[in-house]
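Shown next, in structure tokens, is the structure this report addresses.
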Amino acid sequence: CTSLVAEDANGNLFHGRNLDFGLFMGWDSKNRSWIITETLKPLVVNVDFTRNNRTVFKSTNFAGYVGMLTGIRPHTFTLTMNERFSLDGGYIGILEWILGKRDGMWMSFLTRSVLENATSYEEAKNRLAQTKLLAPAYFILGGNQTGQGCVITRSRVLSLDIWELDRKQNRWYVLETNYDHWKDPFFLDDRRTPAMKCMNQTMQANISIKTIYDVLSTKPVLNKLTTYTTLMEVSKGRLESYIRDCPNPCMPW
Amino acid sequence: QYVPPYTEECRSGMYPPRGPTFKGAVTWYTVDLDLPPSKRWTEVITDKKANLVSMIQAIKDLANSFVPSGKLIELVDRDLPLIVNTLPYPFNEEIKGIAQDSGVALGEVVLFNIFYEVFTV
């Protein structure tokens with residue numbers, strides 16, 4: 001996955017993401033595609049969650065999956081999550097759960113609960129950073145005011161790091177794939193470098209929904225695992241998603 | 001990281017989405033949070049039932065390729081329903097509603113919904 005939050009020169013915040021999933025879960029050599037990735041694409045739906053006939057939040061989901069991976073609380077905050085690999089992984093959390101130690105939260109139920117109940121960027125950030133999880137994760141959160149954008153790196157128990165937009169350091173975007181931002185990515189899976197190269201080439205003056213879609217359409221940021229691309233603009237309460245394909249030749253991940 | 005043609009120069013002018021990298025738009029649905037949890041996803045699942053069944057089947061095929069005896073699927077269908085009542089409300093009820101609406105075994109819908117934690121294995 002690749003998620004990014006960017007702030008334009010006028011202080012508008014944009015949030016984009018590619019949802020990549022299905023690695024090593026069956027390769028269709030005839031069509032040169034991942035089997036699970038292809039069966040997930042028809043399940044992609046956009047959902048408007050309402051209460052008293054008013055929108056509470058909107059999301060891009062896989063039908064049948066009640067947790068949240070991508071969502072917007074219009075005019076308040078935007079949220080995506082990317083997978084984080086760690087030896088202290090979800091299987092330990094599941095074992096604890098089965099043995100009756102149930103003080104952690106399932107990752108996608110936390111994101112769903114935050115989108116449904118948090119009423120500010122700060123509240124969302126605190127809950128995502130402090131709630132004990134069953135599995136490690138990256139939460140990428142955008143707010144509705146200048147400087148409100150961050151990547152929260154989570155282990156199951158701790159918040160290891162919160163990496164924020166910082167105008168003083170000219171950090172006008174934060175971008176997360178599936179590796180801790182303070183370490184180099186795995187050399188065979190470096191989608192971060194090309195994505196950052198394209199963001200820097202775009203420059204803050206030109207950042208928009210359109211140019212973020214260009215970055216997320218550039219191989220290998222777009223790859224054979226990419227199921228959908230979502231673009232969000234918090235000030236307009238706008239979420240739009242597109243099902244993707246990666247024509248050959250294309251990186252398998 | 002520069003291995004053309006698997007990587008490429010930064011794309012431009014890709015928006016609005018069209019061409020070979022665009023496979024289709026995404027349909028909008030409304031989920032009414034005032035409804036009982038088990039009824040919230042009925043419209044979505046009614047439309048996507050066939051796709052959900054084939055995705056679950058793909059995961060079952062994958063599981064059976066690891067454990068040809070089918071024991072892994074048996075374990076999912078027998079034991080995972082025991083977990084559903086330990087999951088927080090309203091997610092447990094929503095999952096039961098999805099199993100009801102789709103006809104997919106409850107354990108398999110649970111597996112789909114906790115796949116993130118399971119997949120880290």
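The sequence lines fix the lettering, A, B, ..., with proteins before strands; numbering per chain opens at 1.
Between the side chains of B/S12 and A/D214, not a single donor N or O lies within less than 3.5 Å of an accepting N or O. Inspection of the A/N82 and A/S3 side chains reveals an N or O donor paired with an N or O acceptor under 3.5 Å.
Of the listed residues (B/I83, B/T86, B/I59), the one with the most heavy-atom contacts under 4.5 Å to chain A is B/T86. Top candidate by heavy-atom pairs under 4.5 Å with chain B, chosen from A/P252, A/A195, A/A63, is A/A63. Ranked by heavy-atom pairs under 4.5 Å with chain A, the list B/V44, B/D101, B/L52, B/I45 is led by B/L52. Note: A/T39 leads A/V221, A/T229, A/T39, A/L222 in heavy-atom pairs under 4.5 Å with chain B. When each of B/R40, B/E8, B/K49 is checked for heavy-atom pairs under 4.5 Å with chain A, B/E8 comes out on top. Per-residue heavy-atom pair counts under 4.5 Å with chain B were compared for A/I98, A/L23, A/L239, A/T202, and the maximum is reached by A/L239. With chain B as partner, the option from A/Y228, A/F62, A/W106 having the largest number of non-hydrogen pairs under 4.5 angstrom is A/W106. With chain B as partner, the option from A/K58, A/E240, A/E83 having the largest number of non-hydrogen pairs under 4.5 angstrom is A/E83. When each of B/A58, B/G24, B/P16 is checked for heavy-atom pairs under 4.5 Å with chain A, B/G24 comes out on top.
Neither the backbone nor the side chain of B/S102 comes within less than 4.5 Å of any heavy atom in chain A. The part of A/V56 that comes within reach of chain B is its side chain, from C-beta onward, which places non-hydrogen atoms under 4.5 angstrom from that chain. For B/A25, the part sitting under 4.5 Å from any heavy atom of chain A is the backbone (N, CA, C, O) and nothing else. Interface remark: B/L33 contributes backbone and side-chain atoms alike to the contact with chain A (heavy atom separation under 4.5 Å). For B/W28, the parts lying under 4.5 angstrom from a heavy atom of chain A are both the backbone and the side chain. For a residue to count as touching a neighbouring chain, one of its non-hydrogen atoms must lie under 4.5 Å from one of that chain's; by this rule B/Q57 does not touch chain A. Of the two parts of B/L82, neither the backbone nor the side chain holds a non-hydrogen atom closer than 4.5 Å to a non-hydrogen atom of chain A. The contact between A/M81 and chain B is made entirely by side chain atoms (from C-beta outward), counting heavy-atom distances below 4.5 Å. In this structure, the portion of B/P88 lying under 4.5 Å from any heavy atom of chain A is its side chain and not its backbone. Contacts between B/I56 and chain A at a heavy-atom distance below 4.5 Å are absent for every atom of the residue. For A/L231, the part sitting under 4.5 Å from any heavy atom of chain B is the side chain, from C-beta outward, and nothing else.
The side-chain heavy atoms of B/K96 and B/V109, taken from C-beta on, include no pair separated by under 4.5 Å. Proximity of A/T37 to A/K224: side-chain heavy atoms (C-beta onward) are nowhere separated by under 4.5 Å. For the pair B/V26 and A/I243, the minimum side-chain heavy-atom distance is below 4.5 Å.
Using cut-offs of 30° and 60° on the angle between ring planes, the pair A/Y179 and A/F186 is tilted. Using a 30° and 60° split on the angle between ring planes, B/Y15 and A/Y213 fall in the perpendicular class, above 60°.
The number of heavy atoms from other shown groups lying within 6.0 Å of CD (B/Q100) does not exceed 12.
The distance from atom CD1 of A/I35 to atom CE of B/M55, rounded to the nearest 0.5 Å, is 13.5 Å.
In this structure, A/Y173 has its ring center no closer than 6.0 Å to that of A/F14.
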Verdict with supporting geometry, B/E108 and B/V76, side-chain contact (heavy atoms from CB on, under 4.5 Å): CA-CA 6 Å; B/E108 293 163 17; B/V76 166; 4.1 Å; yes
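One N or O on the side chain of A/N61 and one on the backbone of A/G67 form a donor-acceptor pair closer than 3.5 Å.
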